[in-house]
Number of protein chains: 2
Amino acid sequence: MKAKAEFSLGTKPSTLADGVFDRIRTAIIEGELEPGSKINEPQLSKQYGISRGPLREAIRRLEGCKLVEIKPNIGANIVSLNISQIIEIYEIRESLEGLACRLAATNAIPDDCFRLRELLTQHEKQIQSENGRIYYQREGDLDFHFQIVQLSGNGRLFDILCGELYHLQRLYRVQTASEPSRPIQAFKEHHQIVDAIETNDSELAELLMKRHISSAKSTLLDQLNQ
Amino acid sequence: MKAKAEFSLGTKPSTLADGVFDRIRTAIIEGELEPGSKINEPQLSKQYGISRGPLREAIRRLEGCKLVEIKPNIGANIVSLNISQIIEIYEIRESLEGLACRLAATNAIPDDCFRLRELLTQHEKQIQSENGRIYYQREGDLDFHFQIVQLSGNGRLFDILCGELYHLQRLYRVQTASEPSRPIQAFKEHHQIVDAIETNDSELAELLMKRHISSAKSTLLDQLNQ
DNA sequence: ATCAATTAAATTGTTGACAATATAATTACT
DNA sequence: AGTAATTATATTGTCAACAATTTAATTGAT
């Protein structure tokens, strides 16, 4: 019996299909598996040291998550997003994270706000430092949004945003190797948002978050039209 | 070669796994498979006349769609929603369908509005008639929302709403055998919404749709607290 | 040499068998 | 009789082999 408890809680890696699902999933999100590329079953099953049975189950599950597309008798391809699909996601995020932020402002207790400020302080240091700048800026931004959604207390909302949409946008960034283009401005907006949450001003919190995401969308569009 | 082209377009039923995925999926949505009940692989594979391999692939795909939950070495259960999860979905729908309706108001051409009116006329007849009243009221309501989301032109939004959230709420209704409780009022609100779309008043269209869904949520909460 | 037809290789789809685990039934004990 | 331990059954997880289909390579004709 191998020590295989990869995580301490909330995971269920006991089957090969589940384990390889996690691995392929992160490989897709991290950009190790190129968007649009084909999945070769014999190759992957050999690479992971399992047979095709559980591998195919993992791929089917990924299909359900819309991370791969399967064409009958042809095979599975890593999903690949074009710019208009990214804009679609921004539209949805604007709407849903506005909601999340409103709910967060209603629910948040002082300790939650403290943790958010802490995260932003950490984020600020990373903006000023040079090492690993771009990578950590992206991650810091995601962490912030992640925590807001968690504060909303709406589990389904969390699933959609943190379990689906964030991953897809990240996938696109890796795909196009885009850099964060307005880190200082974004940092300020984050603080504004925490201000609103801190005073339980849910309406303002919603408005600010929507504007924050709308700005990111506009920046992306500008970069393309330039 | 059997004539197996179940639908004329947009389907890919050529593999057993895909075919049985569709069948189980609709069985869940239609309420034929009871929420919370266990899936027995030998039984289902016999029932559908296939082996366990493709059946398990279908179940894994359903897991990815969050329609079943799999516990390792135990089995798969049809997902079962409690009331607070339904409320969560209402919150999300309020936000997303507001967005959808705003986009629809921007995009809609006169012919689209004509079709919406037609749908509502049909819906009105079904309210007045007695036969199959409840069932068709529900379906009519869903058709209306479905068409609005389609008019939004946002494919991802369509996937989330029409491919996921609608099904889950329907599942709950079957589960609790609830009836539509405010059909005439809902009918009026639908017409109001089309009015706004017709004049391309996107802001109003969004507001009305959000209010429409919020009312449905309140009605549900009232029924429970009464 | 270019293209179509044919053959060969590789990949996907499906099945049945076996191993591992969990559930049910039986036995044994206080 | 009630409960713990043990056996038996059923179900899930995994694998390897075979069938069906697609893709690549080869051959042949104009």
Side-chain angles (χ1 to χ4, degrees), chain A residues 1-7 11-25 27-28 33-34 36-79, chain B residues 1-7 11-25 27-28 33-34 36-79:
Chain A
M1 196 183 289
K2 274 186 191 173
K4 214 183 177 183
E6 308 176 2
F7 295 72
T11 47
K12 54 150 193 174
S14 77
T15 79
L16 296 181
D18 289 325
V20 85
F21 167 82
D22 285 340
R23 294 181 70 175
I24 299 179
R25 191 180 119 108
I28 294 175
L33 287 169
E34 192 191 356
S37 65
K38 186 170 182 302
I39 289 181
N40 186 307
E41 290 180 13
Q43 183 211 316
L44 266 192
S45 69
K46 197 179 151 196
Q47 180 179 329
Y48 290 126
I50 63 175
S51 76
R52 282 177 53 225
L55 174 65
R56 283 174 63 88
E57 288 185 19
I59 294 173
R60 283 296 189 177
R61 197 173 153 196
L62 289 166
E63 182 188 23
C65 296
K66 294 178 186 296
L67 283 173
V68 309
E69 288 167 358
I70 301 179
K71 276 168 262 175
N73 291 314
I74 303 234
N77 289 84
I78 311 295
V79 75
Chain B
M1 195 183 289
K2 274 186 190 171
K4 214 182 177 183
E6 308 176 1
F7 294 72
T11 47
K12 53 152 192 172
S14 78
T15 79
L16 295 181
D18 289 325
V20 85
F21 167 82
D22 285 341
R23 294 181 68 175
I24 300 179
R25 192 179 117 107
I28 294 175
L33 286 169
E34 193 191 356
S37 67
K38 186 169 182 302
I39 289 181
N40 186 306
E41 290 180 12
Q43 182 212 317
L44 266 191
S45 69
K46 196 179 152 196
Q47 181 178 329
Y48 291 126
I50 62 175
S51 75
R52 281 177 54 223
L55 173 65
R56 283 173 64 86
E57 289 184 20
I59 294 173
R60 284 295 190 179
R61 195 171 155 198
L62 289 166
E63 182 188 22
C65 296
K66 294 175 185 294
L67 282 173
V68 309
E69 289 167 358
I70 301 179
K71 277 168 261 171
N73 293 315
I74 304 232
N77 289 84
I78 311 297
V79 76

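FYI, side chains are in, hydrogens and waters are out, and symmetry mates aren't considered; it's all heavy atoms of this structure. Every chain is numbered from 1 and lettered A, B, ... according to where its sequence line falls, protein lines coming before strand lines.
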| Going 5' to 3' along nucleotides 18-23 of chain D, which nucleotides have protein heavy atoms under 4.0 Å from the base (write B), which only from the sugar-phosphate (write S), and which from neither (write -)? | ---SSS

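- Atom-to-atom, NZ of B:Lys46 to P of D:dT11 comes out at 11 Å; the value is rounded to the nearest Å.
- Minimum heavy-atom separation, A:Phe21 to A:Cys65: CZ-SG, 4.1 Å.
- In this entry the distance linking CZ of A:Phe21 with P of D:dG13 reads 15 Å, nearest Å.
- Considering only side-chain atoms of A:Lys38, the nucleotide from D:dC15, C:dT14, C:dT12 that sits closest is C:dT12.
- Using a 4.5 Å heavy-atom threshold, the side chains of B:Ile24 and B:Leu55 count as touching.
- Going from atom OH of B:Tyr48 over to atom P of C:dT15 covers 15 Å, rounded to whole Å.
- Note: CZ (A:Arg56) to C1' (C:dT11) measures 10 Å, nearest angstrom.
- Put simply, CD on B:Glu57 is 16 Å from P on D:dT12, counting in whole angstrom units.
- Among the heavy atoms of the strands, none lies under 4.0 Å from B:Leu44.
- Of the candidate nucleotides C:dT14, D:dT12, D:dT14, D:dT14 has the atom nearest to the side chain of A:Leu16.
- The two atoms that bring B:Arg60 and A:Thr15 nearest to each other are NH2-OG1, 3.7 Å, heavy atoms only.
- When heavy atoms are screened at a 4.0 angstrom cut-off, A:Pro54 is found touching the sugar-phosphate backbone but no base atom.
- Taken to the nearest 0.5 Å, the CZ atom of B:Arg23 stands 9.0 Å off from the CD1 atom of B:Ile50.
- Across all strands shown, A:Ile39 has heavy atoms under 4.0 Å from sugar-phosphate atoms exclusively, and none from any base.
- The neighbour count for A:Lys38 NZ, taken as heavy atoms of other residues, nucleotides or ligands under 6.0 Å away, is above 12.
- The two atoms that bring A:Ile59 and A:Glu41 nearest to each other are CD1-CG, 4.2 Å, heavy atoms only.
- One atom, NZ of B:Lys71, and another, C1' of C:dT23, lie 14 Å apart when rounded to the nearest Å.
- Among all heavy-atom pairs drawn from B:Ala17 and B:Pro54, the shortest one is CB-O, 3.6 Å.
- The CD atom of B:Glu41 sits 11 Å away from the P atom of D:dT14 (whole-angstrom rounding).
- Where A:Gly53 and B:Ala76 each meet DNA chain D at their nearest nucleotide, the meeting point lying more 5' is that of B:Ala76.
- Atom CG in A:Asn40 sits about 10 Å away from atom C1' in C:dT12, given to the nearest Å.
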